[in-house]
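Structure first, then comments.
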Amino acid sequence: MKLKKQVTVCGGAIFCVAVFSLYLMLDRVQHDPARRQSAGNFPRSQISVLQNRIEQLEQLLEENHQIISHIKDSVLELTDTGAISPSGHLPFRSANGSWVLPFDGRPTFLSVKPLDCQFALGRRSQTDLQMLDVYSLLNFDNVDGGVWKQGFEITYEPNEWDDEPLQVFVVPHSHNDPGWIKTFDKYYNDQTQHIFNNMVVKLAEDPRRKFIWSEISFFAKWWESADEHKQAAMRKLILSGQLEMVTGGWVMTDEANAHYFAMIDQLIEGHQWLEKNLGVIPRSGWAVDPFGHSATMPYLLKRANISSMLIQRVHYSIKKHFAATRSLEFMWRQAWDIESGTDMFCHMMPFYSYDVPHTCGPDPKICCQFDFKRLPGSRVNCPWKVPPRAITDANVAERAGVLLDQYRKKSKLFRSKVLLVPLGDDFRYDKALEWDQQYFNYQKLFDYMNSRPEMHVKAQFATLTDYFSAVYKAKGVAPGTRPPDYPVLSGDFFAYADREDHYWSGYYTSRPFYKNLDRVLESHLRGAEILYSLAVAHARRAGLEGRYPVSDYSLLTDARRNIGLFQHHDAITGTAKENVVIDYGNRFLNKSCADTIFFLFFRYLVLFNPVEQERLCVVTMLVNSARVRVLTEDGQTLPVQLSAQWVSAVEMSGEVYQVCLFVSICSSILNKGSLKTFTLVSSFRLLSWHASPDSFSPSLSFLHQSIRRKDDPQEVRVQIQFLTYGTRPSKDKSGAYLFLPDGNAKPYSQREAPIVRVVEGPLFAEVVAHYQHFQQTVRIHNVPGIDGLSLDITTMVDIRDQNNKELAMRLVTDIQSGDTFYTDLNGFQIQPRRYFQKLPLQANFYPMPTMAYIQDSQYRLTLHTAQALGVSSLASGQLEVILDRRLMQDDNRGLGQGLKDNKRTANRFRLLLERRSNSGKVSSDSMRIQMN
């Protein structure tokens with residue numbers, strides 16, 4: 001340390017003398033009066049002499065700069081050889097050659113206290129229906145049920161409604177996708193705006209007419225372009241109860257891939273728009289098209305003051321079972337809720353689809369005859385070859401009897417004599433003619449039924465809340481309260497199958513590039529919103545509110561709406577046409593998003609922690625010099641690791657380098673330390689970098705052997721394998737929605753051995769393997785905090801030259817997990833899963849928005865993911881993730897395209913090994929991972 005001080009002082013003195021000499025000379029030249037007076041006649045010889053002296057001085061300054069640089073390098077050499085105390089701030093090598101990173105000794109993790117998770121130690125939710133038990137009970141045998149092919153024959157006695165007439169609530173609706181076959185704007189221009197324009201006129205013609213609307217993104221666009229007369233007419237319809245806003249989200253969100261932050265954001269955006277412009281708050285939820293349903297959704301709706309909800313896309317065998325036990329209406333309770341505080345009244349539609357043929361009753365051939373848009377002469381007809389007939393005085397009695405028969409049969413599946421009959425389909429009511437066809441003909445049927453007491457029925461147009469209110473009234477309970485003898489359910493409704501073995505588990509992974517981009521931008525948006533709020537609050541306290549550009553809030557709003565639009569169930573799912581996907585991408589990266597989210601500071605690195613806990617993490621950035629030092633705000637040097645930036649598997653960049661630094665940032669909650677600035681200074685010596693081109697044998701496994709915690713002598717075998725699935729050769733093949741493999745996965749293989757690169761340094765060591773269709777990176781961090789407790793795994797996938805292939809990554813361990821594994825729901829909660837041999841392979845895959853894990857009595861192995869993907873555990877001790885899918889054909893679900901627009905995509909994971917205590921709980925002890 002003494003030598004360091006001496007050389008530093010000496011170098012500084014030389015530098016000061018040189019600079020002071022230059023200053024005196026220039027000052028003398030500038031202030032000498034004689035020289036100024038004779039400036040015009042200054043001899044050329046003296047000018048030449050002065051120029052030479054200046055050049056010599058510049059040369060001396062350059063030499064002095066080199067001396068100072070050598071002094072700095074010498075100090076760093078002393079650091080590298082251990083001359084600096086291990087209590088210093090820079091990393092050093094221990095006696096055995098391994099890197100040691102000093103830190104201040106504070107706790108590097110959040111301890112888990114018994115009280116923190118007390119609810120987990122108590123008894124689980126006591127419910128009548130637990131979906132995991134229902135799956136164990138059912139045979140999934142798909143027996144032909146007759147006219148209701150996926151159900152059974154329904155019978156009734158004619159006098160069942162003599163004491164209590166059947167109440168029928170027909171709910172007209174139009175499902176509008178904010179992007180699918182057409183872009184959001186194209187749909188609006190071609191169809192949706194006409195629905196609203198007709199709605200204003202046609203609903204006002206008869207106060208008995210009702211309608212519901214869900215997608216606020218479309219409604220807000222129409223409202224902004226409507227004149228004040230149309231706005232006033234629409235507001236009157238809403239306030240009078242003829243038009244109801246259901247759910248009220250910006251979109252009808254996907255429930256498999258979306259993170260709960262994004263689900264909440266789009267819900268708030270829609271609700272705030274409704275409150276600001278119309279003064280209404282939605283009371284009922286409507287989700288007819290998401291491809292399976294998450295238990296997170298009823299919880300969020302409950303917290304948004306919605307008391308009832310409706311779902312549709314549920315496995316046909318589950319619908320049949322619930323219909324047979326009259327459990328299609330239930331209280332949906334969260335798995336952790338031991339009481340009833342999270343209960344949400346839920347209605348499950350019993351039949352195949354939400355279109356008219358599958359909503360009036362069990363026989364689609366008859367129900368289609370009451371879809372009056374399909375009257376002869378229309379471009380839409382009934383597949384069952386029996387067209388509708390316009391209602392006249394001559395046929396109204398016969399037609400009303402046929403329709404009432406369907407209503408009665410459907411009502412037998414429920415526990416009340418109140419019946420919900422949706423009346424609509426995708427983009428319906430865009431023509432004035434359809435409004436007349438549906439409302440006039442149905443009103444004639446209603447008038448006839450209601451005027452015949454012997455029919456014991458009261459039928460009417462209604463909103464969704466009208467129906468739920470009637471159910472509560474009939475059962476004598478308050479809205480949102482459990483009616484007597486109604487079941488309580490916990491769990492979710494994945495994976496969805498609409499027929500045969502056609503499981504919609506492919507979309508969990510489809511277009512992973514955009515799933516990853518969505519998660520990144522959602523994170524940046526959240527950080528930008530927090531920073532903006534803090535900045536506005538600071539400006540107000542400082543009395544500068546008028547000078548702060550509050551108009552920038554519109555940029556945040558645009559970004560929030562664009563990201564909210566992507567939560568739509570045909571967007572983040574990867575199930576839209578290619579040009580629509582491009583439109584979503586352009587909205588992601590438009591000017592408003594870019595200006596809102598990204599910041600640039602020359603030579604300064606500003607880091608912000610948007611979460612509620614202190615973060616200890618490794619930050620990576622690219623620089624254009626191999627001589628870089630990073631200083632904190634108070635001038636302290638941070639530990640850094642400089643690595644090469646590779647332009648190919650074997651070629652390093654000579655212009656770009658990768659710098660990693662370890663930082664600690666406080667919580668963003670009322671703490672100035674959540675925003676830190678670091679200075680990048682030139683001249684930093686490369687501490688350590690080692691690259692060794694080598695090759696593994698072309699084996700299936702990349703991460704060989706085992707993982708061991710440093711505080712545990714026992715090793716856990718963990719092997720990473722890569723496999724591929726094809727698609728079945730029959731007519732039905734995998735597509736954007738469906739996963740229909742041609743059998744078990746086959747090992748991935750290539751002729752050439754992969755190129756393997758090893759990098760080692762003070763902050764991390766990593767192994768990179770280059771295969772033909774992917775690049776696998778496994779990194780272990782030598783730092784405190786969460787980063788040091790897990791392995792970072794990044795798989796860069798590029799399968800653009802493949803046809804009908806799906807690439808999977810499988811973790812094979814010796815953990816005795818049996819047939820049970822766990823996946824998260826929307827990053828919000830964990831759902832237990834089981835591998836069922838009675839189900840096809842594709843039925844055992846589930847969405848993994850943020851994590852999945854397996855465990856036994858000793859260990860838990862968790863795979864954290866930075867993007868939503870499909871996951872399963874097909875054997876004990878295994879976790880399998882589908883990384884990307886390239887499929888050349890449509891899967892006959894309406895898209896009309898395969899998945900052929902793949903992009904080179906980085907799938908990022910963290911692998912966390914935890915020791916479980918004897919009580920079965922995860923140990924909270926500090927741990928380190930060692931890769932063998």
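Residues passing the salt bridge (charged side-chain N to carboxylate O under 4.0 Å, His left out) test with E434 are K373, R428, sequence neighbours excluded. Annotation: side chain to side chain contact (heavy atoms under 4.5 Å, CB included) contacts of Q897 (sequence neighbours excluded): K577, E578, L895. By the disulfide bond (SG atoms under 2.5 Å apart) test, C382 is found to be paired with C368, residues two or more places apart in sequence or in another chain being considered. With sequence neighbours left out, the side-chain hydrogen bond (donor to acceptor under 3.5 Å, both in side chains) criterion links W273 to no other residue. Under the ring pair (Phe, Tyr, Trp, His ring centres under 6.0 Å) criterion, Y354 pairs with H175, sequence neighbours left out. In this view, H773 and Y748 satisfy the ring pair (Phe, Tyr, Trp, His ring centres under 6.0 Å) rule, not counting sequence neighbours. The salt bridge (charged side-chain N to carboxylate O under 4.0 Å, His left out) check on K210 picks up D466, with sequence neighbours excluded. H358 meets the ring pair (Phe, Tyr, Trp, His ring centres under 6.0 Å) test with Y352; sequence neighbours excluded. Remark: F211 pairs with Y429, W435 by the ring pair (Phe, Tyr, Trp, His ring centres under 6.0 Å) rule, at least two apart or across chains.
Looking at H173, its side chain never comes within 3.5 Å of a backbone N or O of T463 through a donor-acceptor pair.
Looking only at atom types and distance, the side chain of D742 has no donor-acceptor partner in the side chain of T727 under 3.5 Å away. Residues N277 and Q231 have side chains that never bring a donor and an acceptor to within less than 3.5 angstrom of each other. Using a 3.5 Å distance cut-off with no hydrogens or angles, the side chains of N907 and T905 do not pair a donor with an acceptor.
Between the CD atom in Q312 and the OG1 atom in T359 there is a gap of 9.5 Å [rounded to 0.5 Å]. Expressed to the nearest 0.5 Å, how far OH of Y508 lies from OH of Y846 amounts to 8.0 Å. Remark: T465 OG1 to I212 CD1 distance equals 9.0 Å, nearest 0.5 Å.
More than 12 heavy-atom neighbours from other residues, nucleotides or ligands sit within 6.0 angstrom of CG on L239. Within 6.0 Å of CZ in R904 there are 12 or fewer heavy atoms belonging to other residues, nucleotides or ligands.
Residue pairs meeting the salt bridge (charged side-chain N to carboxylate O under 4.0 Å, His left out) criterion with at least one member in residues 184-204, sequence neighbours excluded: K182-D190, D185-K221, D185-R587, K186-D190, K202-E205, K202-D436. Listed by first and then second residue, the salt bridge (charged side-chain N to carboxylate O under 4.0 Å, His left out) pairs that reach into residues 271-298 are D289-R313, sequence neighbours excluded. Applying the salt bridge (charged side-chain N to carboxylate O under 4.0 Å, His left out) test to pairs two or more places apart or on separate chains, none has a residue in residues 245-260.
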*Show the numbers, then the answer: is there a side chain to side chain contact (heavy atoms under 4.5 Å, CB included) between V881 and M848?*
CA-CA 9 Å; V881 182; M848 179 182 64; 3.9 Å; yes
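The existence of a salt bridge linking R893 and D498 is confirmed by a sub-4.0 Å separation between a basic side-chain nitrogen and an acidic carboxylate oxygen. With respect to K733 and D890, no salt bridge is recorded, no charged nitrogen being found less than 4.0 Å from a carboxylate O. Ionic pairing of K515 and D518 is not present here: no N-O contact between side-chain nitrogen and carboxylate oxygen is shorter than 4.0 angstrom.
Ring to ring, Y514 and Y584 are not that close: their centroids are 6.0 angstrom or more apart.
Between W504 and F494 the shortest side-chain heavy-atom distance does not fall below 4.5 Å.
Exactly one residue among N257, D177, T253 makes a side-chain hydrogen bond (donor to acceptor under 3.5 Å, both in side chains) with H569. That residue is D177.
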